[in-house]
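When reading the values below, keep in mind they use all heavy atoms of this one structure, side chains included, and skip hydrogens, waters and symmetry mates.
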Amino acid sequence: MYLSTTTEWLDPGVAECPLFRLPRELRDKIYTYALTSDQPFWWPVEHCTQHLAPALLATSRTIYAETAPLLYSANRFMFSHPSDCNMFRFTMDQKHVQATTNICLRIRSQDVRLWTAYLGSTSPVRSLTHDLPALRVLWIFFRSSAWNHAHDPIENYKSWQFDPRLRELCLSLEHKTKAEARVICCHRVSRGHFERVRQGVGKELEVDGDGDARTPFFKIFSVNVALELSCPDRAPAQVQA
């Protein structure tokens, strides 16, 4: 998180503003409250959906200089296409690109080849490693289509990690990024399959407040991967102890 405690010269246009009578440490706390979220931002997007105040950056050059690094370093951005990551690099100020260290990718099973060409590339003009050189944390939400609803749910559970597209995705990340990569393999399943898996392997799953169940992480090649099961027609459940 970008927090500065240095004393800086203030533009005359803001010097008398009550905000700038506060120490920089307190201003940073205000900026953090106004400009950070625990939910990722979709990029590109026309409207902010996190109830934040990005318009704050447009109030003055001084406020922009103080807040812009925080907006990019303390939040996560969500991308759904490789071209969006690439465009982010070429359309944003390079200082903001360098401040971006934590992103999420939404990848559908049918788009794996599109993504692996990008993730595994070393091209200086179009690759994850060059587009986001300061990246430290990479979350990938992979929407798998390998769950066979005509088969036994326990057999599906035992074999989900052998999905060839999931493995292809993990292989494309191996030794290609310095970021800590975590892949969530997401399956939407029927109520019957969800309950059958919970009954059969419940000790291996953690159910969150939204009713989704997730396994612990384990390695596929060198990448941390976990399974997440969601049931669209299931009401949110209490988190089990």
Side-chain angles (χ1 to χ4, degrees), residues 1-4 19 27-109 111-112 114-115 118-119 126-143 169 173 176-186 188 208-210 212 214 217 223-226 228 230 232 236:
M1 184 178 295
Y2 177 87
L3 294 176
S4 172
L19 175 65
R27 297 204 304 273
D28 283 332
K29 289 183 178 180
I30 294 172
Y31 298 150
T32 299
Y33 179 80
L35 294 171
T36 63
S37 172
D38 58 358
Q39 298 298 315
F41 290 81
W42 283 97
W43 198 94
V45 66
E46 293 183 4
H47 303 288
C48 175
T49 58
Q50 277 79 4
H51 305 291
L52 302 186
L56 180 64
L57 278 70
T59 55
S60 76
R61 286 192 296 268
T62 302
I63 289 180
Y64 181 89
E66 290 192 347
T67 58
L70 174 69
L71 181 65
Y72 291 90
S73 65
N75 289 301
R76 290 177 294 161
F77 290 87
M78 176 82 78
F79 301 95
S80 61
H81 194 283
S83 292
D84 292 339
C85 292
N86 190 238
M87 184 169 62
F88 184 84
R89 167 190 176 184
F90 288 106
T91 59
M92 305 303 293
D93 188 305
Q94 286 305 299
K95 292 184 294 184
H96 304 334
V97 173
Q98 290 291 336
T100 303
T101 61
N102 190 335
I103 68 167
C104 303
L105 306 178
R106 283 281 187 183
I107 301 179
R108 301 179 301 173
S109 182
D111 295 333
V112 162
L114 184 69
W115 276 102
Y118 174 76
L119 296 172
R126 183 181 169 89
S127 63
L128 179 68
T129 186
H130 285 89
D131 289 347
L132 293 166
L135 190 65
R136 293 200 300 265
V137 181
L138 171 64
W139 286 89
I140 296 178
F141 295 90
F142 170 63
R143 179 67 66 186
L169 177 62
L173 291 165
K176 291 299 192 300
T177 176
K178 295 179 181 179
E180 177 189 356
R182 294 199 167 197
V183 177
I184 308 296
C185 182
C186 306
R188 290 181 178 175
D208 65 20
D210 294 325
D212 298 331
R214 185 179 293 185
F217 284 95
V223 180
N224 291 304
V225 183
E228 181 177 275
S230 63

Exercise. Taking only residues two or more places apart in sequence, or in another chain, which ones meet Glu180 in a side chain to side chain contact (heavy atoms under 4.5 Å, CB included)?
Worked result: Arg182
For this session: Take Trp42 and Arg106 through the test side-chain contact (heavy atoms from CB on, under 4.5 Å) and record every step on the way to the result.
Result: CA-CA 10 Å; Trp42 283 97; Arg106 283 281 187 183; 3.4 Å; yes
Problem set entry | Contact check, side chains of Leu105 and Trp139, non-hydrogen atoms, under 4.5 Å | no
For this session: With sequence neighbours excluded, tell me which residues meet side chain to side chain donor-acceptor pair (under 3.5 Å) with Thr129.
Result: none
Exercise. With side chains defined as the heavy atoms from C-beta onward, is the minimum distance between Lys95 and Tyr72 less than 4.5 Å?
Worked result: no
Exercise. Would you find more than 12 non-hydrogen atoms of other residues, nucleotides or ligands less than 6.0 Å from Arg188 atom CZ?
Worked result: no
Exercise. So, the side chain of Asn75 versus the backbone of Leu35: is there a donor-acceptor pair under 3.5 Å, distance only?
Worked result: yes
Exercise. Are the side chain of Asp210 and the backbone of Asp212 linked by a donor-acceptor contact shorter than 3.5 Å?
Worked result: no
Problem set entry | Distance-minimising heavy-atom pair for Leu169 and Leu119 | CD1-CD1, 3.7 Å
Problem set entry | For Asn86, side chain to side chain contact (heavy atoms under 4.5 Å, CB included) partners two or more places apart | Phe90, Arg126, Asp131
Problem set entry | Arg214 side, atom CZ; Ser230 side, atom OG - distance, nearest 0.5 Å | 10.5 Å
For this session: Run the numbers on Arg27 and Leu19 for side-chain contact (heavy atoms from CB on, under 4.5 Å), then give the verdict.
Result: CA-CA 7 Å; Arg27 297 204 304 273; Leu19 175 65; 3.9 Å; yes
Seminar exercise, completed: Separation between CG (Leu57) and OG1 (Thr67), nearest 0.5 Å, reads 3.5 Å
Exercise. Side chains of Thr101 and Val137: does their closest heavy-atom pair fall under 4.5 Å?
Worked result: no
Problem set entry | Heavy-atom check, side chain of Trp115 versus side chain of Cys85, under 4.5 Å | yes
Exercise. Heavy-atom distance under 4.5 Å between the side chains of Ile107 and Phe141, does that happen here?
Worked result: no
Exercise. Quick one: NZ on Lys176 to OH on Tyr118, what's the gap to the nearest 0.5 Å?
Worked result: 14.5 Å
For this session: Kindly determine whether Arg136 and Lys178 satisfy side-chain contact (heavy atoms from CB on, under 4.5 Å), including the steps that lead there.
Result: CA-CA 7 Å; Arg136 293 200 300 265; Lys178 295 179 181 179; over 6 Å; no
For this session: Write down the atom of Leu56, the atom of Ala34, and the distance for their closest heavy-atom approach.
Result: CD2-CB, 4.5 Å
Exercise. If you take all heavy atoms of Leu52 and Phe41, which pair is closest and at what distance?
Worked result: CD1-CZ, 3.1 Å
Exercise. Would a 4.5 Å heavy-atom cut-off, applied to side chains only, mark His96 and Leu71 as touching?
Worked result: no
Exercise. Nearest 0.5 Å, what's the CZ-CD distance between Arg61 and Glu66?
Worked result: 14.0 Å
For this session: Decide yes or no for Cys185 and Glu228: does some side-chain heavy atom of the first lie under 4.5 Å from some side-chain heavy atom of the second?
Result: no
Exercise. Less than 4.5 Å apart, any side-chain heavy atom of Ile140 and any of Cys104?
Worked result: no
Seminar exercise, completed: Rounding to 0.5 Å, atoms CZ (Phe79) and CH2 (Trp43) come to a distance of 6.5 Å
Exercise. Between atom CG of Leu132 and atom CG of Leu138, what is the distance when rounded to the nearest 0.5 Å?
Worked result: 9.5 Å
Problem set entry | Verdict with supporting geometry, Phe217 and Ile184, side-chain contact (heavy atoms from CB on, under 4.5 Å) | CA-CA 9 Å; Phe217 284 95; Ile184 308 296; 3.5 Å; yes
